[in-house]
Each structure stands twice: as C-alpha cells, then as structure tokens.
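Working notes, structure below.
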Amino acid sequence: MTETTLFDSSYETRKRPRLNQALNHLRPMYSSDELKVLRIDKISEEVLSLRSGRGFVNREILEIVLGNLLECVAPGSHNAPHPLHQERELPNAIEEVADQLYAMITQSFLAAGDEETLEDRALDITFALLWELPDFKIRAQWNRFASFKDPAVWDAYLLHGGVSREKLTELNIGAQIDQAISTKDFQPYQDALNRLDLAFAFDYQMQLVMSTYPGWRLLFYHDVAHALTKSGSVEGNPDLHRFPVPFLPRAMAELGGRYYQADLHPETQIGDANFLDHPHRGITTGQTGIIGSGCVIYPCTLGGMSVRVKQRHPIIGDFVRIGTDASLLGPVKIGNHSTVGPNAELHGFVEIEAGCDIGSSVVIGTVRNASVKPGMIRIGQSVRVGDGTIIENISAIDLIIPDKAEIPARSHIANDGFGHPRY
C-alpha cells in the first residue's frame, strides 16, 4: 500500500456493503431528537492520508476522531464544528467516521511494518468497532448515571428550584442508584424521585453529568481503546473479525491522560456503571487489571509490582469504593461491596472478601525477605479494619483474618506462624 492508495476505488467497493450493514444496525439506536443534534466533524481524505513519523496518524486528528465517536454515542455532547465542516445526516456521518477510523487503523499497521492483507483487516476492525456503538452508548449512559452517586448532582440550580436539603435526606440515593445499576433499570431511582415530587431532576442531572463530568468521557475513550485490543469475531456479526491494533489503543489512552490526568491502560478490563470522581487528580490502572461494575473510584493507583508477564495488577469486584490516594499494588483482590479508605496501601498477595471495610491509612501487605516467599493475606467476609492499622505477612504460611472480624484502629497484626493473626 502506498500513500496515494489509502482511499482508492477498491476501498469504496469493499467498504460499501459493510457500511450498509452497519447503518441498518445503528439506525435503531438513535431517537429523532438525537439525530437532530448529531454533528460529526469532517476531515478531508488528503489530510487523513498524511503520515507523521513512521506512518502513525497525528494526535490532532486522533482528538477529532475520538470526539466524533463520543458524538456517535451521546449526540449533542461534543462541541459542534463549523457548519461547513460537519456531517449531520446519519448515513454521511457514519461513513465519515468509518473513513477516519480506517485511516487511523491502517496507518497504525503501516507504522508497525505490517502490510499483509492490510486493507481487509483494517476494514473489518473499523466496522467491528462501529458495530459495538450501541453497546458503547448503553455503557456511556450507565457511567453517566453512576455519577449520580455524587451528592453534588443536587447543585445550586436544583436546590434554588425549591428542593430542600432536608427533603433530600429522605431519599436514600446511594441504595436506589445501586438497585438501578443491579437491575439495569433507571426506574428505582426515578420512582424514588417521583415519591418526593422530584421527577424533573432526572433529566437535569443526566444533562449536568453529560456536560460537566469528565469521568464518563474518560471511560468512553477507554471503551474504544479496549475494543481495539480484542481478537476474534464480533457478537451478533460473525462475518466481522477483530484483530489487535498496534500503537493506536495506547495513543488513545495517552490522550485520555492528557485531557484528564488519568492513565487507564487500554487492556484493563472495566465494567459499566462506574463513577470516576475527580479523575483530574490522577487514576492509574495497569494492563492486567480488572475493575467490576458499579464502583466509585477516587484518585488512586491500581498498579503492579512485578516485571513479569503475568497477572500483576489489582482485581476489583462490583460496587467497590476506593478512596483518594489509595495504592493497590500487585495482584490484590477486592471483593464485591467492599470499601478501601483514603491513603490505604495494599500490596502483594492480598485477597479481601466481600463486604469488607478497610479504614483510612491502613497498610496491608506481604513482605518478601531474602529466602522466603510470603504466603497470602486472606481477609474474610464483612471484616472491618480500623484506621491506621498495619497487617503484614512475612511467613510462608497464609495469614487468615476470619469473617466478621473487628480490628481496632492502630492495630499491628502479623502471622503467628500458624496462619492466625497475632496482635
């Protein structure tokens, strides 16, 4: 492939049936109101074909394309381009995005020196990503809704409209939101609003989050980058096959970091309905990390300790809350509905079961010495660990903290040599 044949006549011939199939799949995901506000920023084929460096598309173009993809899943959420540089009709808009994606994916393979069956492979990856837009849209909606866990969605405008703070205390907001997320139905939250004559607040809060909260946008960029790391056929369309794309997912993650100072590795597995609060202060995830659904994550580090190619990053369950400046390092596992307090440090071979409450400034970790590989630290279900506690294991035997244990603040716990806690 040469620089002048990126969009040759054969490309148009091969693209058209895939595009028609994609349009039939995507049309039902848009309401008439969404189609009225959909605006896609155009980029000329000449510009898309230009190479930078060893062939990888430049960052300025990548910013436009990510903005266009965001517009595809949340019409009206992105800044509108100049009228002369926008596509508004759905067929033209999706075709424009397809061309942009194809160019970036093709340039990425060319930069890696991989030209074997490049055109068909790049087209498959392009339309595999577009095929997933309905799923991306749903995930983006739930990530926005998860931001309702922030009490600040009840802002001065709503409160000025006659909603008193006293009235809001009657609404168990967190429980209603978690129930909605668990059932994938907004209705429990809306019913709670209706009982307090606050039905109008739902649409306002969704718009507030869409317009001003960064976390859901960051998670969307991650969804796109993560999709470009996958292999295999596409659910619902076995004719499309995905291949991992070189460079591009990491470049998307880097742009997310530039915007929001949050470094989400594109291969991190992340569920939906998660709320990243204040991501500008820094959130880090690693390649082998896993994050469930319904979590609230403040600025923290979910990092690795090993240089080996293995599971080396934390695994976070569903409905987990991780506090500000917490550090989870290594293959730490956190069970569902657990809380890790601010400034806590968990490192090494640590497993925390469901329903645990780890206080602030707690240190839990395995300590390796010159001759002994330490055993696990296993914390049972519904354990409460008081602030400032240290739990460490230097023994080769696992240290077991039993279910429902209550560990006082400022405790120091070690392995007694038989797997039991010694205070």
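By convention here, the first residue in the shown sequence is residue 1. Quick caveat: nothing in here was measured; it's all calculated off a predicted structure.
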Donor-acceptor side-chain pairing of H412 and E392 below 3.5 angstrom: yes

Begin from the C-alpha positions of D150 and V209 and carry the test side-chain contact (heavy atoms from CB on, under 4.5 Å) through to its verdict. CA-CA 10 Å; D150 181 8; V209 172; over 6 Å; no

Shortest non-hydrogen pair, G317 vs N336, comes out as CA-OD1, 3.4 Å

Those residues at least two apart in sequence (or on a different chain) that pass salt bridge (Lys or Arg N to Asp or Glu O under 4.0 Å) with E235 are none

Taking the six-membered ring of Y259, is the NZ or CZ of R217 close enough (under 6.0 Å from the centre) and on axis enough (within 45°)? no

Cut-off 3.5 Å, side chains only: do N237 and Q21 have a donor facing an acceptor? yes

Do N415 and N393 meet the criterion of a side-chain donor-acceptor pair at a distance under 3.5 Å? yes

With sequence neighbours left out, what residues match T339 under side chain to side chain donor-acceptor pair (under 3.5 Å)? none

Please verify the inter-ring angle class for Y189 with F202; under 30° counts as parallel, over 60° as perpendicular, anything in between as tilted. tilted

Examine the side chains of H347 and E345 and answer whether a donor and an acceptor come within less than 3.5 Å of each other. yes

Stepwise salt bridge (Lys or Arg N to Asp or Glu O under 4.0 Å) check, D239 with R18: CA-CA 10 Å; D239 294 332; R18 291 177 171 92; over 6 Å; no

From F148, W154, Y157, residue fulfilling ring pair (Phe, Tyr, Trp, His ring centres under 6.0 Å) relative to Y204: Y157

Can you name the residues that form a side chain to side chain donor-acceptor pair (under 3.5 Å) with D325, not counting sequence neighbours? R281

The test is salt bridge (Lys or Arg N to Asp or Glu O under 4.0 Å); show your working for D387 and R410 and say whether it passes. CA-CA 6 Å; D387 295 347; R410 309 296 176 187; over 6 Å; no

Is it true that R384 and E406 make a salt bridge, defined as a side-chain N closer than 4.0 Å to a carboxylate O? yes

Is E353 salt-bridged to R378, going by a charged N under 4.0 Å from an acidic O? no

Just by distance, do the side chain of T288 and the backbone of R312 share a donor-acceptor pair under 3.5 Å? yes

Taking the side chain as C-beta and beyond, is there a heavy-atom pair between R27 and L23 under 4.5 Å? yes

Hey, are E34 and K137 close enough for a salt bridge, meaning a charged N less than 4.0 Å from a carboxylate O? yes

Side-chain ion pair, R258 and E63, N-O less than 4.0 Å: yes

Donor-acceptor pair, distance only, cut-off 3.5 Å: does the side chain of T366 make one with the backbone of F349? yes

One thing to verify: whether K149 and D277 come together as a salt bridge, which I'm taking to mean a side-chain N less than 4.0 angstrom from a carboxylate O. no

What residue among Q100, H85, E96 forms side-chain contact (heavy atoms from CB on, under 4.5 Å) with D41? H85

Is there a donor-acceptor pair closer than 3.5 Å between any side-chain N or O of S338 and the backbone N or O of G355? yes

Does atom CD1 of I394 have more than 12 heavy-atom neighbours, drawn from other residues, nucleotides or ligands, at distances under 6.0 Å? no

Under the criterion side-chain contact (heavy atoms from CB on, under 4.5 Å), I'd like the reasoning laid out for V97 against C72: C-alpha separation, chi angles, the key distance, then a yes or no. CA-CA 9 Å; V97 174; C72 284; 4.0 Å; yes

Any salt bridge between E132 and R242, counting N to O under 4.0 Å? yes

Please confirm whether the backbone N or O of G271 pairs with a side-chain atom of N274, one donor and one acceptor, at under 3.5 Å? yes

Set out, in order, the CA-CA distance, both residues' side-chain angles and the distance that settles side-chain contact (heavy atoms from CB on, under 4.5 Å) for I315 and V332, then state yes or no. CA-CA 6 Å; I315 298 175; V332 173; over 6 Å; no

Is there a donor-acceptor pair closer than 3.5 Å between any side-chain N or O of H280 and the backbone N or O of Y260? no

Here's one to test your reading of the geometry: is the NZ or CZ of K36 within 45 degrees of the ring axis of Y30 and under 6.0 Å from its centre? no

